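All remarks here apply to the structure that follows.
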Amino acid sequence: MSEITLAKSYSPSEHEPSILARWQAAGCFHAEAKSAGEPYAIFIPPPNVTAALHLGHALNNTLQDILIRVARMRGMNALWVPGTDHAGIATQSVVEKRLALQGKRRTDFTRETFVAKVQEWKDEYEAVILSQLRSMGASCDEARTRFTMDPVCTAAVREAFFRLFQDGLIERGKRIVNWDPVSQTALADDEVEMEEVDGFFWYLRYPLEDGSGHITVATTRPETMLGDTAVGINPRDPRAAALRGKSVRLPIVGRVIPIVEDDYVVMPAAMGGDPADAKAEFATGFLKVTPAHDANDFEIGRRHALEAINVLAPDGSISDRHGWSDVSAHAKQFVGLSREDARTAIVAWFKAQGLLESVKPYRHGVGHSYRSHVPVEPYLSDQWYVRVTDPRLSASALRSMNPAQFDGTQVSSQGGARGGDGELTFFPARYAKTFQHWHEGIRDWCISRQLWWGHRIPVWSRIVDSSAPPSASQWTARGAAEMRRTLPDGRIEIFVCIPESLDATLIPALVESGFTQDADVLDTWFSSALWPMSTLGWPNPARFAMDGMLETFNPSAVLSTAREIITLWVSRMVMFNRYFLNGRLPFRHVFIHCVVQDGFGQKMSKSLGNGVDPRDIIATHGSDAMRFVLTQISTATQDVRLPVDVLCPFTNETFSPTTITTPAGQVVAAPIQSCPTDPTRKMVTAFGASTGAVTATTEMPLARNSSARFDIGRNFATKLWNASRFALAQLGTTATPAHDVVPIALADRWILSRFTRTVQRIEESLAQYQFNPIAEALYEFVWRDFCDWYLEAIKPTVKSDPVQQAVLRAVMDGILRIMHPVMPFVTEVLWTAVQSVPAMSVRGLDLPASALATQARWPVPSTALNDGQAIAAFERVQALVVAIRNIRGERKVNDRRRIVLHALPEIMRIIDEAGGIVETLAGLERVEVVASNRPADAVGFSFAGCELFVSALAEALDVDAERTRLEAIIADRSRAVGGFEGKLSNPGYLAKAKPEVVEQTRRMLSEAQADLAAGRRALELLASSV
RNA sequence: GGGCGCUUAGCUCAGCUGGCUAGAGCACUGCCCUUACAUGGCAGGUGUCACAGGUUCGAAUCCUGUAGCGCUCACCA
């Protein structure tokens, strides 16, 4: 027996802290470039420092931890780099919201003071996140923790920006951007969310300048008409010829604008437009062209050399100070109105003037800021762009795709193949399409953000008079990169980008020469895109004592992330890593995990109060339980629903809350719930708290969310705990360790075979990033095979059988190893106990000892252990035992009552071969060879086509119950016989089905027939005996 | 509108390249507090595999179409 005694049940909160301390003390999650083993790296998708980690993070981190722990156990040089992301807009807006509660705004502070406030927030949440990772058991290399704005990552951002600038891949452009008038910053295309909005089409009349009538334009944004600089018509429109060369006088403003002909303009269906085009239905054939406020109009403006007149201020109000100079007296009244008010006012004006032809309701998608959730304004502004449309970036990303996953014919690389080409593989494969289509339709990436929190753009600029341009070489000669552009007024704007190493010398010189630094910061994804490089010290690992890290751990093995990240992040990492590291990929595999939704298929969110906090689950169920269940629900085909329950703060019981439906149609927990055992006591739900409708008090406290789904994990940990406790009690501590034990008993050979197959199944699933089958395989093996069958089978023999003890010890040890990556805490606690028992090795199962389970070797069972005959034999035993138990169950035989089995010699052989386990498992007093006359009180049943009897079930035979039972069997078997006969009488089946399939059907038919005959005979005997 | 998924037991989900009488967990019913475990054991009931066609000896599985749901991209004429 082990010297370590285990408590009666596993208490996670009691053990988790000490296990964490042991791991930390052992430093076993730290990796070095020079360590032994094949490198295996994973970079954590750095969570935003805006908030604590949610269940989606817990899921992703659990899966990554499983991968990294298995790799480590396999002897690989496993590195898992943790870290956090500064999340520019998100973090800044969280802090701004907080300040707003105190009645303050960002601009009430200096930039430095404000950034310091954000920094405080960041420090707080970074600490929370890192502690959460620890408590989830994430085996990250904490010493290598990075933050996207720390000096190491900043160095990478500076280098990347400088090189892209120098290589002509960064440009300054006045283009239409997605403008968030609340955050007052530009947004990238993928930061804009489309929302369906009920709007209108307003049909506005614009008089022709020559007084010969009017044309009508259709618009959903009438307020932008103040900036119209043309009206477009399709050259194929029958009306075009008559209008050629004419102009219209823009109402309100009085501006005379040309009618231009452009193919882009959709013709109304009546005029020959494509009826399938939804636009043709609403179009008039005349398009108001507002180059400063519409991306498509901007293009039309370029084609026809139109002026772009910006009539909006950055906050979205009508303004005459941002490029609008021909403000008429009529137009003055609209200046200063918000865009919403301006819309109403302008429509009213048109109506009053009789120029509003009609209004039609129209439901359409409108872009909203993913941060402030207000409609995004297409806005003409100067921004920095990365030219990701350049083949050096986007085409390179496409070439990296695994050809087997490429849709269509992959363009071969120009100038010869490079490392990394064709090496990027997606799991599940369907997501490769998202990646491909994104790059095929990619547009230049706007990287400047009008924020204070982020990487400041390292560009200094100055506008000079064109008559006296300074010499070009001044800054480039000193190591900087330079770019110029001519402004509309003829002056020249000079941009100088400097590398970080020259900051000290060049910044003062630039300032002295009248240059000022760009006020903006970079898009957060710019620094995130460098994550697999920056965390390893690129461009100069030695500078940060990370020699060799980049070469060893980049490319990493796999990136594990969510769907939407394919375009936001995966794409950019691939482009940058390949660009800066000569074609090398940041990772070879991309694994996309499923999304955890609430029980109604809705995304978990703070505002709906339908999220489950991983900290709560760890507190109530333990980290292992959470991890197991998250692994179990990680399926590849669909997102998973996790019904969210409420944890009663009075009784700690979990219950399904009553729900309400919000006006938006979402199903949420009602704000107030009653305690299920004492309905007089009430509590506030997370939804109630988030809407602010109710406030939690001591009498009516806030109830936490939970989910009964996690009970499975807790129960499983307890099961493993008790199985170990039992196993330890069976093992002798004084026995001389025997070596290379060869098991003989059927149960032993069977459990070793099952173990071997389980390891194999786990490895196959892992290779495909299929996590749910791993959880299923573990559950089935540990609970069903090991606990339900093996431990029960060996109970009478193990104490006196040293060979069986060796097998039990080895399988127990093996179980802890294969369970460890999924449930690291409980296995680590049990590891110490199991390791304290002298090892008796089993041939073919090498399990080297180690101080910690975390450091143990992944088992590599010999294929010789996989004994197909033992499996088949044991399965027969199981079927026989189940058949006997079935009768016991139906007859309600007390579990303790021992009964007698009467069997034919051929069944006796199976029972004998099993070595007593049938007797044990079926609760048999003895087995007798069936005589010609069956025992008087016997109950017949059939097994494998043979007729068997059990007797001594009770003091007297219940004839009625027996008749009912037999009739049910006869009905069931008749149906089966009919089915098989039907198949076998089909000539097509016999001719075309595979012979082994036909053979199997024949065998099953004969068994069913035998069973049927046995049942009928038993029924006859029953009738004659009464 | 384009693309990608999903629809299997009351609930949550597995069922890959077609072939045992379609499975698991939870929930439910009955019997067991048997010295590992009641967070447990044994047994049990539960399905027109969304619908309609097609291919095939044979379809939950492959093909086509329909409906519903979800995600995603595009679209503010």
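In the text below, chain A, chain B and the rest are named by the order of the sequence lines, each starting its count at 1. Small disclaimer: the values here were computed from a predicted structure and weren't measured.
At the phosphate of B:G41, OP1 or OP2 sits under 4.0 Å from a side-chain N or O atom of A:Trp783. In this model, the phosphate group of B:A14 is approached by a side-chain N or O of A:Gln638 to a distance below 4.0 Å at OP1 or OP2. Put simply, A:Asn886 has no side-chain N or O that comes within less than 4.0 Å of OP1 or OP2 on B:C42. Remark: A:Arg784 is in phosphate contact with B:G25, judged by side-chain N or O atoms under 4.0 Å from OP1 or OP2.
Atom CZ in A:Arg714 sits roughly 13 Å away from atom P in B:A38 (whole-Å rounding).
For the pair A:Met812 and A:Phe786, the minimum side-chain heavy-atom distance is below 4.5 Å. Looking at heavy atoms from C-beta onward, A:Ile176 lies out of side-chain contact with A:Asn296 at the 4.5 angstrom threshold.
Between B:U48 and B:U29, the two P atoms lie 22 Å apart (nearest whole Å). For the P atoms, the distance from B:U61 to B:U55 is 15 Å, rounded to whole Å. The separation of B:G3 from B:U64, taken at their P atoms, amounts to 13 Å, rounded to a whole angstrom. Separating the C1' atom of B:G23 from that of B:C31 is a span of 25 Å, rounded to the nearest Å. Rounded to the nearest Å, the gap between the C1' atom of B:G65 and that of B:C26 is 37 Å.
With A:Tyr362 as the fixed residue, the ring pair (Phe, Tyr, Trp, His ring centres under 6.0 Å) test singles out one of A:Tyr203, A:Phe201, A:Trp202: A:Phe201.
A donor-acceptor contact under 3.5 angstrom links the side-chain atoms of A:Lys719 to the base of B:C37.
Between the side chains of A:Ser634 and A:Asn772, not a single donor N or O lies within less than 3.5 Å of an accepting N or O.
Nucleic acid contact for A:Phe716: none, since no nucleic acid atom lies under 4.0 Å from a heavy atom of the residue.
For A:Arg885, the listed nucleotide lying nearest its side chain is B:A43; candidates were B:A43, B:G25, B:C4.
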